[in-house]
There are 2 protein chains.
Amino acid sequence: MVDPIAALAAPRRREILRLVWREERAAGEIHRELGDVTFGAVSQQLRQLEHAGLVAVRADGRRRLYRARPEALGPVGEALAAIWDDALYRLKIRAELESSRRGPRRRPTSAKGRRR
Amino acid sequence: MVDPIAALAAPRRREILRLVWREERAAGEIHRELGDVTFGAVSQQLRQLEHAGLVAVRADGRRRLYRARPEALGPVGEALAAIWDDALYRLKIRAELESSRRGPRRRPTSAKGRRR
DNA sequence: AGATCACTTTAGTAAAAACTAAAATAAAAA
DNA sequence: TTTTTATTTTAGTTTTTACTAAAGTGATCT
């Protein structure tokens with residue numbers, strides 16, 4: 001992926017972007033905040049956002065701090081921020097994630113079973 | 001699909017939306033303008049844009065006229081329009097579509113071969 | 001009526017995307 | 001130096017999406 005607007009497609013990525021919009025956050029914090037995906041999945045989405053230029057990373061000890069780069073979206077960035085400031089919109093997004101979950105999830109963190 | 005921003009994900013849909021942004025166009029016109037997809041595929045993408053509230057349809061004889069509904073995108077709509085007015089961006093999108101084609105295509109229109 | 005035109009819908013395929021589980025890396029603590 | 005913590009990467013699976021081909025619908029023309 002390389003196109004910033006396409007990177008906004010997935011609600012998951014938009015949620016992550018919103019989390020790091022105002023302030024830096026460590027990957028783990030983001031994972032905990034989202035709750036219903038593995039750490040690996042979050043890391044992968046962060047990578048995509050990074051490749052699209054939508055976030056920047058900075059190492060801090062063993063943590064990695066992410067922050068949004070609104071410049072990458074140009075005028076769309078401001079528009080998006082305006083939407084995010086709207087509390088109703090926030091509820092809507094929550095509901096969306098909720099209903100698009102593909103089955104019961106119990107906050108997985110890394111791994112447990114055996115497959116390969 | 002129901003989320004307008006997610007509907008902007010595919011470059012193809014963005015291209016279609018841009019075509020109907022300023023003026024109404026018939027489905028067939030849009031198909032001819034795009035060139036490298038079947039009529040059916042265009043019709044399907046129009047349906048998605050419609051479900052996301054991004055376009056409105058109106059029947060005119062046997063044609064169906066589509067037009068954009070920028071309101072559906074709120075402030076993002078204006079931002080997007082600003083981007084589209086930029087000629088460089090238009091070239092970029094073209095190149096994107098060009099390189100994401102999944103094989104050689106020779107302007108298919110409906111059907112020809114036999115499969116099922 | 002039948003033919004044709006403009007378009008939609010359905011069925012099936014193929015490619016892309018998102019995810020899980022597990023292994024790998026790398027800094028810091030013990 | 002071993003262990004723990006934070007995160008990334010890889011491999012494989014499942015889900016979703018975009019597409020083609022072909023059949024279906026309905027308005028207009030003859």
Side-chain angles (χ1 to χ4, degrees), chain A residues 1-3 6-16 25-32 34-52 57-66 97 100-116, chain B residues 1-3 6-16 25-32 34-52 57-66 96-97 99-116:
Chain A
M1 174 161 339
V2 69
D3 170 10
L8 292 176
R12 183 76 74 191
R13 275 195 303 269
R14 243 144 50 208
E15 186 72 344
I16 292 175
R25 277 180 207 266
E29 278 186 76
I30 298 169
H31 170 233
R32 263 168 268 124
L34 293 177
D36 64 342
V37 260
T38 56
F39 207 138
V42 172
S43 187
Q44 284 165 38
Q45 299 293 34
L46 283 168
R47 204 94 310 108
Q48 292 196 64
L49 288 168
E50 195 188 347
H51 288 148
V57 218
R58 169 172 87 84
D60 168 40
R62 44 190 156 182
R63 302 185 310 156
R64 253 132 195 289
L65 300 173
Y66 287 86
L97 278 171
S100 70
R101 285 212 248 282
R102 315 214 250 272
R105 291 281 152 76
R106 56 286 178 243
R107 304 191 99 263
T109 300
S110 57
K112 223 49 161 312
R114 177 143 314 263
R115 212 196 312 158
R116 56 173 165 173
Chain B
M1 177 163 336
V2 69
D3 170 12
L8 292 176
R12 182 76 75 191
R13 276 194 303 270
R14 246 144 48 206
E15 186 73 343
I16 291 176
R25 278 180 206 266
E29 279 185 76
I30 297 169
H31 169 234
R32 265 169 267 123
L34 294 177
D36 62 344
V37 260
T38 57
F39 207 138
V42 172
S43 187
Q44 284 166 38
Q45 299 293 34
L46 282 167
R47 204 94 309 108
Q48 291 197 63
L49 288 168
E50 195 188 347
H51 288 147
V57 218
R58 169 172 87 85
D60 169 41
R62 43 188 155 182
R63 300 185 311 155
R64 257 135 194 287
L65 300 174
Y66 288 87
E96 219 170 84
L97 278 171
S99 64
S100 70
R101 286 214 248 284
R102 313 217 250 270
R105 292 281 152 75
R106 56 284 176 245
R107 303 189 103 261
T109 300
S110 58
K112 224 48 163 316
R114 177 144 314 267
R115 208 193 322 155
R116 55 174 165 176

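Predicted model only: the values in this text are computed from it and were never measured.
- Rounded to whole Å, atom C1' of D:dA18 lies 13 Å from atom CG of B:Leu49.
- Listed nucleotides: D:dA18, D:dT8, C:dC7. Nearest to the side chain of B:Gln48: D:dA18.
- Contacts of B:Ala26 with the nucleic acid, taken as non-hydrogen atoms under 4.0 Å apart, involve only primed sugar atoms and P, OP1 or OP2.
- Residue contacts shown for A:Ala10 are limited to sugar-phosphate atoms, with no base heavy atom under 4.0 Å away.
- Not one side-chain nitrogen or oxygen of A:Arg13 sits closer than 4.0 Å to the OP1 or OP2 atom of C:dA17.
- For B:Thr38, counting side-chain heavy atoms from C-beta on, the closest listed nucleotide (C:dA18, D:dT20, D:dT28) is D:dT20.
- No donor-acceptor contact under 3.5 angstrom links the side chains of A:Arg12 and A:Gln45, judged on distance only.
- For B:His31 and C:dC5, the NE2 to P distance is 16 Å, given to the nearest whole Å.
- Per the geometry, CG belonging to B:Asp60 stands 18 Å off P belonging to D:dG26, to the nearest Å.
- Ranking C:dT20, D:dT7, C:dT8 by closeness to the A:Arg64 side chain, first place goes to D:dT7.
- When the nucleotides C:dT8, D:dT8, D:dT4 are ranked by their closest atom to the side chain of A:Arg47, D:dT8 comes out on top.
- Put simply, the side chain of B:Glu15 reaches to within 4.5 Å of the side chain of B:Leu34, judged on heavy atoms.
- Between the CD atom of A:Glu50 and the P atom of D:dT7 there is a distance of 14 Å, given to the nearest Å.
- Atoms CG and OH, from B:Leu46 and B:Tyr66 in turn, are 5.0 Å apart once rounded to the nearest 0.5 Å.
- Taking every side-chain heavy atom of B:Arg62 into account, C:dA6 is the closest of D:dT8, C:dC7, C:dA6.
- A:Tyr66 has a side-chain polar atom (N or O) that falls below the 4.0 Å cut-off from OP1 or OP2 of D:dT8.
- Atom CZ in B:Phe39 sits about 15 Å away from atom P in D:dC19, given to the nearest Å.
- An OP1 or OP2 oxygen of D:dC19 is reached within less than 4.0 angstrom by a side-chain nitrogen or oxygen of B:Arg12.
- B:Arg58 places its CZ atom 14 Å from the P atom of C:dT8, with the value rounded to the nearest Å.
- Side-chain contact between A:Leu8 and B:Leu8 is absent, with no heavy-atom pair separated by less than 4.5 Å.
- The shortest distance between side-chain heavy atoms of B:Asp3 and A:Arg14 falls below 4.5 Å.
- Minimum atom distance to the side chain of B:Gln45 is reached by D:dC19, of the listed C:dC19, C:dA18, D:dC19.
- The side chain of A:Val37 lies closest to C:dT20, out of C:dT20, D:dT7, C:dC5.
- Between the side chain of B:Gln44 and the base of D:dT20 there is at least one donor-acceptor pair of N/O atoms closer than 3.5 Å.
- Atom P of nucleotide C:dC7 and atom CG of B:Leu34 are separated by 13 Å, given to the nearest angstrom.
- Between the CG atom of A:Leu46 and the P atom of C:dA17 there is a distance of 18 Å, rounded to whole Å.
- Taking a cutoff of 4.0 Å between a charged side-chain nitrogen and a carboxylate oxygen, A:Arg32 and A:Glu29 do not qualify as a salt bridge.
- Closest to the side chain of A:Ala41, out of D:dT7, C:dA27, C:dC19, is C:dC19.
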